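As the structure is a prediction and not an experimental result, all values here were calculated from the model.
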Amino acid sequence: MPAVVVVGTQWGDEGKGKATDQLGQDVDYVVKFNGGNNAGHTVVIDGEKFAFHLLPAGVLTPGVVPVIGNGVVVDLEVLFSEIAEIEARGKDTSSLRISANAHLIPSYNRVLDRTTERFLGARQLGTTGRGIGPTYADKMNRVGIRVQDLFDESILRQKVHAALGQKNNLFLKVFNRPAIDPDAIADDLLSYAERIKPLVIDCSLVLNEALDAGRTVLFEAGQATMLDIDHGTYPFVTSSNPTAGGACTGTGVGPTRIDAVVGVAKAYTTRVGEGPFPTELHDAMGERLRQEGGEVGVTTGRPRRCGWHDAVVTRYACRVNGLTDLVLTKLDVLTGHQSIPVCVAYDVDGERTEEMPLTQTGFHHARPVYEEMPGWSEDISGVRRFADLPQAAQDYVLRIEELARTRVSAIGVGAGREATITRHRLLG
């Protein structure tokens, strides 16, 4: 399978980093195709934990070329800070490549992001304040700054002046903030030009030539399906497309070249930020999942909202992404529960539905309809064969598979790279 896409099926934090890292042992390229440093993923190798925000997970694997695609927005300060941190821990990042068409996050968009959130008050969206949304807005408004602009000072300065011509009026007249000096912004961006130049590529050309040569390319999504700007719980979403279609627009690789789409889902459900969450638990059980699952945002540091597995959401994600396989993570966290509810449908104003409600209002009003599954007490963290799981754990996985209408090909039973049960090979 030369081209495989990995996406999250919930609201993020499902363990895509671990799944990508594991698959990355057998691939030649790992490509991040959307988002920016508003997402985070954790990879544990030989007991050592690595937290990424902007870099693709494949950066840790010798022989793999990690690529930041054109669909990503790049904060240069964060990028080089991550590179320095990983290299200080003895890892080589020299193979990293970046699309010339990727957009840059200038510091004024971080200011705008944080200021706008404060201005919204009770209507805040729960953004990370890292300038992601304003940078994607600039892209669509055609006032964005791309990596390639760093190599033409005249064009760069023109673009910064044009963007701030609009934004400074907003800062001064609406937010009562001082104007930002466009030349200071341009100088800051230009200071990275020589450092980034050796990394810059024509992403579409490089990846298509790699596929032509029989290389294996893994496309890695940031965030997850329910945060997709088009298919998520709008407006409580991110500003890009972390669904499988985003792999094509975010890299310049056509859809006919994609061979498999792997979705990652937790055995339960979590969410960071605002927005509806039908299975959220506001009691001691929710806190237990949070504590036992270590549910704190890698990027934000905020406690994650926790709830039972929502099979309606998972099935929706399988459809939207055209999933061929599911990876179910953190099954071990459910050990010790006498009974484990699974949301199999919603009650929306007295009517049962097994599909996502048509409207935002309907989803806000959705109440979970649960099916109780028996739990298990045995420690499963050392299990490596599906048949060796307790029968109740096997039944739980098989029920998730049945509800999702997509095969569960791998199961995570611990944080480490090796703590995985493989039912079906995802590559080859």
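- Every residue two or more places apart in sequence or in another chain that forms a salt bridge (Lys or Arg N to Asp or Glu O under 4.0 Å) with Arg385 is listed here: Asp388.
- Looking at Tyr268, its side chain never comes within 3.5 Å of a backbone N or O of Leu331 through a donor-acceptor pair.
- Distance alone, capped at 3.5 Å, places no donor-acceptor pair between the Thr115 side chain and the Leu112 backbone.
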For this session: Carefully, step by step, assess Asn34 and Asn241 under the rule side chain to side chain donor-acceptor pair (under 3.5 Å).
Result: CA-CA 7 Å; Asn34 80 291; Asn241 293 109; over 6 Å; no
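- Using a cutoff of 4.0 Å between basic side-chain nitrogens and carboxylate oxygens, Glu85 and Lys91 are not scored as salt-bridged.
- Residues that satisfy the salt bridge (Lys or Arg N to Asp or Glu O under 4.0 Å) test with Arg97, not counting sequence neighbours, are absent from this structure.
- Exactly one of Val261, Leu326, Leu403 qualifies for a side-chain contact (heavy atoms from CB on, under 4.5 Å) with Cys318. That residue is Leu326.
- Using a cutoff of 4.0 Å between basic side-chain nitrogens and carboxylate oxygens, Glu402 and Arg315 are not scored as salt-bridged.
- Without hydrogens or angle criteria, Tyr234 side chain to Asp228 main chain gives no donor-acceptor distance under 3.5 Å.
- Sequence neighbours left out, the pairs with a member in residues 67-79 that pass side-chain hydrogen bond (donor to acceptor under 3.5 Å, both in side chains) are Asp75-Arg110.
- Few gaps surround CG on Asp283; more than 12 heavy atoms of other groups in view lie less than 6.0 Å from it.
- One distance of note links CD1 of Ile196 with CD1 of Ile98; it measures 4.0 Å at 0.5 Å rounding.
- Separation of atoms NZ (Lys32) and OG1 (Thr251) is listed at 14.5 Å; rounding is to 0.5 Å.
- Pairing each heavy atom of Gly69 with each of Ala102, the nearest pair is O-CB, 3.7 Å.
- Evaluation of the salt bridge (Lys or Arg N to Asp or Glu O under 4.0 Å) rule for Arg288 yields Glu292 as partners, not counting sequence neighbours.
- No side-chain N or O of Lys139 forms a donor-acceptor pair with one of Thr135 less than 3.5 Å apart.
- Checked for salt-bridge contact, Arg89 and Glu87 miss the test: no charged N lies under 4.0 Å from a carboxylate O.
- For residues 56-68, no residue pair satisfies the salt bridge (charged side-chain N to carboxylate O under 4.0 Å, His left out) rule, not counting sequence neighbours.
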Problem set entry | side chain to side chain contact (heavy atoms under 4.5 Å, CB included) between Thr420 and Val327, worked out | CA-CA 10 Å; Thr420 303; Val327 173; over 6 Å; no
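- Between Arg290 and Glu295, no side-chain nitrogen of the basic residue sits less than 4.0 Å from a carboxylate oxygen of the acidic one, so the salt-bridge criterion is not met.
- Looking only at distances, no side-chain donor or acceptor of Thr238 sits under 3.5 Å from a matching main-chain atom of Leu227.
- Distance check, rounded to the nearest 0.5 Å: CG of Leu76 to CG of Asp188 gives 8.0 Å.
- In this structure, Val342 and Ala311 approach most closely via the heavy-atom pair CG1-CB, 4.3 Å.
- Side-chain N or O atoms of Thr61 include none that pairs as donor or acceptor with a backbone N or O of Val64 at under 3.5 Å.
- With rounding to the nearest 0.5 Å, the separation of CG in Asn37 from CG in Leu79 is 9.5 Å.
- In terms of heavy atoms, Pro2 sits closest to Asp259 at CD-OD2, 3.0 Å.
- Judged by distance alone, the side chain of Lys16 and the main-chain N or O of Gln223 form a donor-acceptor pair under 3.5 Å.
- Checked against ring-ring contact (aromatic ring centres under 6.0 Å, His included), His337 has the following partners two or more places apart in sequence or in another chain: Trp308.
- Two residues are said to be in side-chain contact when any heavy atoms from C-beta on lie closer than 4.5 Å; Asp26 and Thr216 fail this criterion.
- The environment of Leu205 atom CG is dense: over 12 non-hydrogen atoms of other residues, nucleotides or ligands sit within 6.0 angstrom.
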For this session: Verify side chain to side chain contact (heavy atoms under 4.5 Å, CB included) between Val67 and Val206, making sure each step is shown before the conclusion.
Result: CA-CA 10 Å; Val67 178; Val206 168; 5.8 Å; no
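- In terms of modelled atom types and a separation under 3.5 Å, the side chain of Arg305 and the main chain of Val272 share no donor-acceptor contact.
- By the ring-ring contact (aromatic ring centres under 6.0 Å, His included) test, Phe277 pairs with Trp11, sequence neighbours left out.
- For the residue pair Thr225 and Arg319, no side-chain donor N or O sits within less than 3.5 Å of a side-chain acceptor on the partner.
- Look at Asp113 and Arg130 and you find no salt bridge, because none of the NZ, NE, NH1 or NH2 atoms lies under 4.0 Å from a carboxylate O.
- Evaluation of the side-chain contact (heavy atoms from CB on, under 4.5 Å) rule for Asp395 yields Met373, Gln391 as partners, not counting sequence neighbours.
- Closest non-hydrogen pair, Pro278 versus Ala366, comes out as CB-O, 4.2 Å.
- The list of salt bridge (charged side-chain N to carboxylate O under 4.0 Å, His left out) pairs with a residue in residues 366-384, not counting sequence neighbours, reads Glu371-Arg399.
- In this structure, the side chain of Thr329 engages the main chain of Glu14 through a donor-acceptor pair within 3.5 Å.
- Using a 4.0 Å cut-off between a side-chain N of Lys or Arg and a carboxylate O of Asp or Glu, Asp325 and Arg423 do not qualify as a salt bridge.
- In terms of heavy atoms, Ala247 sits closest to Val5 at CB-CG2, 3.8 Å.
- The aromatic rings of Phe50 and Phe52 lie parallel to each other, with less than 30° between the two planes, well short of the 60° mark.
- Inspection of the Ser99 and Asn101 side chains reveals no N or O donor paired with an N or O acceptor under 3.5 Å.
- Across all their heavy atoms, Arg271 and Pro276 have their closest contact at NH1-O, 2.7 Å.
- Of the N and O atoms on the side chains of Thr269 and Asp310, not one donor lies less than 3.5 Å from an acceptor on the other residue.
- Sorted by first and then second residue, the ring-ring contact (aromatic ring centres under 6.0 Å, His included) pairs with a member in residues 60-86 read Phe80-Tyr192; sequence neighbours excluded.
- Residue Arg257 is tested with Val217, Leu207, Asn208 for a side-chain contact (heavy atoms from CB on, under 4.5 Å); the sole match is Asn208.
- Judged by distance alone, the side chain of Asn321 and the main-chain N or O of Ala317 form a donor-acceptor pair under 3.5 Å.
- Judged as a salt bridge (Lys or Arg N to Asp or Glu O under 4.0 Å), and not counting sequence neighbours, Glu209 has no contacts.
- Here CG of Leu289 is found 9.5 Å from CD of Glu287. Values are rounded to the nearest 0.5 Å.
- With hydrogens and angles ignored, the 3.5 Å screen pairs a side-chain donor or acceptor of Glu401 with a backbone N or O of Val408.
- For the atom pair CD1 of Ile132 and NE2 of His103, the computed distance is 13.0 Å after rounding to the nearest 0.5 Å.
- Take Tyr346 and apply the ring-ring contact (aromatic ring centres under 6.0 Å, His included) test, not counting sequence neighbours, and it matches Phe363.
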